[in-house]
Amino acid sequence: MEKITITLPDGSKREVEKGTSALDVAKSISEGLARNVLAAEVNGEVRDATRPIDDDATLKLLTWNDDDGKSTMWHSSAHLLAEALEELYPGIKLGIGPPIENGFYYDVDFGDHEFSSDDFKKIEQKMLELAKEKNEYQRQEISKQDALDYYNKKGDEYKLELINDLNDGEITFYTQGNFTDLCRGPHIPNTGFIKAAKLLSTAGAYWRGDENNKMLTRIYGITFPKKKELTEYLEQLEEAKKRDHRKIGKELGLFTFSEKVGQGLPLWLPKGAALRERLEQFLKRAQKIAGYEPVITPHIGHKDLYVTSGHYAKYGEDSFKPIDTPNEGEEFLLKPMNCPHHCEVYKSEPKSYRDLPVRYAEFGTVYRYEQSGELHGLTRVRGFTQDDAHIFCTPDQVKDEFKKVIDLVLYIFKTLDFKDFTAQVSVRDPKDHSKYIGSEENWEKAEQSIIEAAKEKELNYVIEEDEAAFYGPKLDFMVRDAIGRKWQLGTIQVDYNLPERFELEFTGSDNQKHRPVMIHRAPFGSMERFVAVLTEHCAGNFPMWLTPEQVAILPVSEKYNEAAEELSKKLNNSDIRALVDDRNEKIGRKIRDNELKKIPYMLIYGEKEIESQSLAVRKHGEGDLGTMPVDKFIEHVQNEVQEQTGTFNG
RNA sequence: GCCAAUGUAGCUCAGAGGUAGAGCACUUCCUUGGUAAGGAAGAGGUCACGGGUUCAAUUCCCGUCAUUGGCUCCA
């Protein structure tokens, strides 16, 4: 028998017979491992663990701990869902059923069947019943004609359409139990791996995402190899619901919306405004240290400005309509971005290479016509404020500027306790450089600069090809919040387009005119979105330095209200944001209510404290901390704020 | 923008073809208290908006607006 060599991730090599499957290799290592193998990565390609390996190969066994293992399991689960649905609703037609980040879905045409989410239980039970049969997922290569014949017989026009787009020779079917599906794979060895299944929601989805096509019923679900993991997942969903910034924003009085003002236009309430201003001050201070110069530009701009920038041609039709001046009939646009304005700021005076880099910063409020169905709390709105800045520099300065911006972003993440984040570097499509503006040389330099900057700053980064904008490469920060959800926050983008379009120049040391490079950057992204993400990240328990109200003084009875007011003044004079809960309520009630308001410190204030000149301190979520002298408490709070905001060295 | 669901008091929600309900919040009074809900009384709604059906519509139908979940989009 012919032998092949399998190389495992740890570098160890095994001689096995040709045609051995990844699962066999796993078994030879340990039965326990074999029981957990969902799929295999063979020479970098994810495939069925049961498929024979015919040549020397590197092999990684994929389990539930690997993203590819999870998605293989969920892909197989989509098939299991389809099998259950076919048994319960004979004659249905199937669209596609892929895995997604958290689970999977299947698009189904139920035809005449009545279907509602009330049937979820029934379907879940059927899925688990079928899973118990431990049916193997069997791969079968099939000719295009045979595949078409199969679905013609079945009468499923969706699958026929999919097959028609495929080439003969690359078509495979997978069968488990009584269900066969057109599928590229890969799949888990058998349905027995699926121990828990939950259908989560339904939604309408057009066939192939095209609104001219028929709407299918999309059923979302998720499965797990252990029942306990499903329970935990459902708990996490509950937790996410509790942390929803729309709910917390309402409870804490941060922001609201009004139908009269218009959809997607947030109104910041006093406490939300206080929070946001604090964030802005925080960034302004750091930006000053980092050499940014604040500028202020208007909320509207002449249409020509956007014609020049190219935004009008690209987005004009999808924007708010222009505003006309009554007499001259000139057209102005609500500004959808700050950069064209900043380009004009740059042009206000001739620039020398000695001036560069110049860094213009502005908390600029912009308005974009987002489709009504896209609006969502503060994360997707029509009017929002970017913590925008534009850096104009020479191509040689790009790397240094990137490093500086990365420092700033890292300072923010550290201060706000975002510990888990990655950077995504978006570069050109390596196969086609023609769709990008700017010279080959500059692009090459910029992409390298970004990658080197990321490397030197020791960022955990991935490079995404073909994700760059037409005008330049970029680096985006993706953070994971306290309950594991991913958000895209800060962004740093190189732009060759606008300097070109606005004919920006500087005089070089050679006394010749040169074109600067522009870097857009927004560490928060937008204040709205950032506050939303931060709210969910900390579940409304904002850090001391940021929270609108830091200390609640709770007089034990109305007799002490006046003394409590005095104390409040003293604290406020020490830059501590304190309030007095002088309601005619018992102390227990005041504690409860202020706990719910998530105020970090409560001071129970009565006869004892007044006499002893001390404070009974209670911390949110922790309880009674005992007593301390007033001055010590002030110092304690001030230190806490100081520690939280730290220092930034630019 | 498209599909679906939802829209009742400040909030969370119940309700039914015949003049609208609860809890919390709010106001007043009683109570003056020591670490997560003291008691009583009161006030508060054009049942999203506009049409239609009906003797009668907040309830049924249509449209609009908004919200939610998806789809598509995101400079």
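Naming: A, B, ... by sequence-line order, numbering from 1 per chain.
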Closest to the side chain of Ile604(A), out of G34(B), U32(B), G70(B), is G34(B)
side-chain N/O Arg583(A) vs U27(B) OP1/OP2, d < 4.0 Å: no
Provide, to the nearest angstrom, the distance between the CD atom belonging to Glu607(A) and the C1' atom belonging to G33(B). 12 Å
Within the structure shown, what part of the strands sits under 4.0 Å from Ser201(A) by heavy-atom distance: base, sugar-phosphate, or nothing? nothing
Does U68(B) have OP1 or OP2 under 4.0 Å away from a side-chain N or O of Arg246(A)? yes
Residue-phosphate contact under 4.0 Å: Tyr220(A) side-chain N/O, C71(B) OP1/OP2: yes
Which value, in whole Å, describes the distance between the C1' atoms of nucleotides C26(B) and G10(B)? 8 Å
Counting only Watson-Crick or G-U wobble pairs whose two distances fall under 3.5 Å, which nucleotide matches C60(B)? G52(B)
Proximity to the side chain of Leu596(A) - top-ranked nucleotide from A75(B), A36(B), G33(B): A36(B)
Considering Watson-Crick and G-U wobble pairs with both distances under 3.5 Å, what does U28(B) pair with? A40(B)
Look at all strands and tell whether Gln488(A) reaches a base, only sugar-phosphate, or nothing, counting heavy atoms closer than 4.0 Å. nothing
The side chain of Ala203(A) lies closest to which of these nucleotides: G70(B), C65(B), G69(B)? G70(B)
Where Glu370(A) and Val381(A) come nearest, the two heavy atoms and their spacing: CG-O, 3.4 Å
Closest to the Lys586(A) side chain: A36(B), G33(B), A66(B)? G33(B)
May I ask you to evaluate whether His520(A) reaches the phosphate of A75(B), defined as a side-chain N or O under 4.0 Å from OP1 or OP2? no
G69(B) to G63(B) separation - P atoms, rounded to the nearest Å: 24 Å
Working note: Asp109(A) + Tyr158(A), criterion side chain to side chain donor-acceptor pair (under 3.5 Å); need CA distance, chi angles, decisive distance, verdict. CA-CA 9 Å; Asp109(A) 181 348; Tyr158(A) 305 107; 2.7 Å; yes
ring-ring contact (aromatic ring centres under 6.0 Å, His included) filter on His341(A), not counting sequence neighbours, yields none
